[in-house]
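Any value given below was found using the heavy atoms of this structure, including those in side chains, with hydrogens, waters and symmetry copies removed.
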Amino acid sequence: MKYKTSLLAILSGVLFAMPWSYPHLFFTVFFAYLPLLFIKEESHKQDNPYYLFNYSFLTFLVWNTLAYWWVSEAQVVGAILIILINAALQATVFWLISITRKQLKISILFPFIIIGLGFEYFHTQWDLAWPWLNLGNAFAAQPKLVQWYEFTGVRGGSLWLILINIALFSLFKKRNIKNLLGSLLLISLPIGFSLYLYNQNETPISNKRFCLIQPNLDPYTEKFKPANEKKHLDAFFKQTDSLLSKTETDLLFGPETMILQAINEEQPMESDSYKNLLKLRQKYNQTEFFLGVHSYQKLGNKIPAGSRFNSEGNYAYEAFNSALILKKDNTSQFYHKTKLVPLFERMPFVQYLSFLGKYSLELGGYNGTYSNRNSINNFTLSDSTSIVPIVCFESIFGDYCAQRVPEAPSFLCMITNDGWWKNSMGYKFHFDFSRLRAIENRRQIVRVANNGISALINTKGEIEQESEWWKKAILTGEVKLYSRKTFFSEHGDYMGRITAFFSVLLLIFVKIKRISQSKY
């Protein structure tokens, strides 16, 4: 019996993992919960109160391992911690759903929706945020099926999958025409609505001519080697100069951390790299530059947790992974990456336990805790066009991106360095998140990678241009500007916020009820 139950748990984990490993097998998530739901039914007959938790942990351990084993390409310890932590959290949530259903003697559907969606939202907000496996992300490579994300965001996809799994489970238990028709309608109606939206067209307000450069520097052997820094930056400047001398371009894009020499945001002219970049921009008066940099701000007496200390200059400072824009009037703005990768870029809970800042994990020979304080949401260009900057890991956070989309002619620009994960599903699935962000906000996305996939993605999540993996590339074209805010960009992850609030109330109620019952 244990052997059979273990196989069911493993099967469930494999079915969950398929869309993250082989995106064309996305449909397996429609019934991935079924084996786990059968285990839940069996758990009522067991004396062990942790029976369901143990087997659900096995399910989610399999899912997490298959879905992002590739993190180990960069950091084995980090990969193990991420997999174990997320599997334990997901198992706990499923266990709490079952306890709530049993305690209240109701259908599992209600606690599944409230607690399940509530946890997904919570997992985007705290210091260990890692929403890679939120259920709605299963359709990242299938944009035609989820055009309605412009109303619900990814959380709507998670709700859809929960409903389908529960409906199919009911159909399996009670094979009747009512359950069959209900299941078919649950699957077909959202897809039909999505195809209807897909065939609608919207007229852009205007466009911007752009050029992006993908340098394709190996982060392990080239990019982060101090001896190579000047050579690589000079090559980027030379290539930029050559491109801009041959074509009229409104915007020039470079990838994440194109400039490694940290720039003092209050005195940027102290940086030779910044001065040379500014000089080049001034040569082409009609072009504005957008690229990734390291930047910092010196601190006074008040030193936030996670800050760094410069022993030579004898001052404390906050370090940022930033996007920089140089405008036509020669002014600059710095946007700071706010959603930082837990364990790698910022140690969780460092604001409460400051000593943790020393223990961020090494990534390809580079480590250090960044600050996540930010003062701007987007860049406004000289003609009032807006760009919403997104730096790498932030592209997974739909709500965070949507909150910053203005009701003005705009587009999104995502800069990244996906070479850490080598030639794995990691960089491929990371790319597909940008397609979901385009749908949610109905904005085009310019994606600029050091190595990975650079691309122009339209408002329907379709790829209009893209580079090849592990090759130097230049993309040129026109990015279209739109100003209409979608329901999701207007209201953000309302489904997540509502369910998170009620899940807390529900769990408190269940806890009080259990305590009161134990007294009698």
Task: Derivation of the ring-ring contact (aromatic ring centres under 6.0 Å, His included) call for Tyr33 and Phe16 - done: CA-CA 8 Å; Tyr33 267 114; Phe16 274 123; 4.7 Å; yes
Open item on the list: Show, in sequence, the C-alpha distance, side-chain angles and deciding distance for Thr59 and Phe94, and conclude whether the side-chain contact (heavy atoms from CB on, under 4.5 Å) test is met.
Closed with: CA-CA 11 Å; Thr59 290; Phe94 192 75; over 6 Å; no
Task: Test ring-ring contact (aromatic ring centres under 6.0 Å, His included) applied to Trp20 and Tyr68, Phe139, Trp63, the passing residue - done: Trp63
- [ ] Salt-bridge test for Arg437 and Asp432: reply yes if a basic N is under 4.0 Å from a carboxylate O, no otherwise.
- [x] no
TODO: Answer yes or no: is there an ion pair linking Arg155 with Glu120, defined by an N-O contact shorter than 4.0 Å?
DONE: yes
Task: Exceeds 12 heavy-atom contacts within 6.0 angstrom, atom CD of Glu468 - done: no
- [ ] Evaluate the ring planes of Phe487 and His491, with Trp represented by its six-membered ring, and classify them as parallel (under 30°), tilted (30 to 60°) or perpendicular (over 60°).
- [x] tilted
TODO: Among Thr459, Val405, Leu436, find the one that has a side chain to side chain contact (heavy atoms under 4.5 Å, CB included) with Asn441.
DONE: Val405
Open item on the list: Going by side chain to side chain contact (heavy atoms under 4.5 Å, CB included), Thr124 matches just one of Tyr400, Phe397, Trp130. Which one?
Closed with: Phe397
Task: Parallel, tilted or perpendicular: ring planes of Phe433 versus Phe429, cut at 30 and 60 degrees - done: perpendicular
Output side-chain donor-acceptor pairs under 3.5 Å for residues 182-190, partner residues at least two apart or in another chain, one line each.
{"from": "Ser183", "atom 1": "OG", "to": "Asn179", "atom 2": "O", "distance (Å)": "2.9"}
{"from": "Ser188", "atom 1": "OG", "to": "Leu184", "atom 2": "O", "distance (Å)": "2.7"}

TODO: Classify the ring geometry between Tyr427 and Trp469 as parallel (under 30°), tilted (30 to 60°) or perpendicular (over 60°).
DONE: parallel
Open item on the list: Any carboxylate oxygen within less than 4.0 angstrom of a Lys/Arg side-chain nitrogen, looking at Glu202 and Arg484?
Closed with: yes
Open item on the list: My understanding is that only residues two or more places apart in sequence, or in another chain, count here; which of them pass side chain to side chain contact (heavy atoms under 4.5 Å, CB included) with Gln403?
Closed with: Asp399
Task: Check: Thr385 side chain, Pro409 main-chain N or O, donor-acceptor pair, under 3.5 Å - done: no
Task: Lys480 NZ/CZ over Phe411 ring centroid, <6.0 Å and within 45° of normal - done: no
Open item on the list: Run Asn378 and Ser410 through side-chain contact (heavy atoms from CB on, under 4.5 Å) and show every step you take.
Closed with: CA-CA 10 Å; Asn378 50 62; Ser410 55; over 6 Å; no
Open item on the list: What's the separation between atom CD in Glu490 and atom NZ in Lys485, rounded to the nearest 0.5 Å?
Closed with: 4.5 Å
Open item on the list: Is it the case that over 12 heavy atoms from other parts of the model lie below 6.0 angstrom from the CZ atom of Phe26?
Closed with: yes
- [ ] Please state whether the rings of Phe119 and Phe122 are parallel, tilted or perpendicular, taking 30° and 60° as the class boundaries.
- [x] tilted
Open item on the list: Which residue in the set Ile113, Leu171, Leu109 passes side chain to side chain contact (heavy atoms under 4.5 Å, CB included) when paired with Ile166?
Closed with: Leu109
TODO: Using distance alone, with no hydrogens and no angle criterion, decide if Thr486 and Glu150 have a side-chain donor and acceptor under 3.5 Å apart.
DONE: no
- [ ] Hey, can you tell me if Phe53 and Phe57 have their rings parallel, tilted or perpendicular (30° and 60° cut-offs)?
- [x] parallel
Open item on the list: If the test is ring-ring contact (aromatic ring centres under 6.0 Å, His included), which one of Phe193, Trp160, Phe488 qualifies with Trp148?
Closed with: Trp160
Task: Crowding at NZ, Lys511 (>12 non-hydrogen neighbours, <6.0 Å) - done: no
Open item on the list: Which label fits His336 and Phe320: parallel for a plane angle under 30°, tilted from 30 to 60°, or perpendicular past 60°?
Closed with: parallel
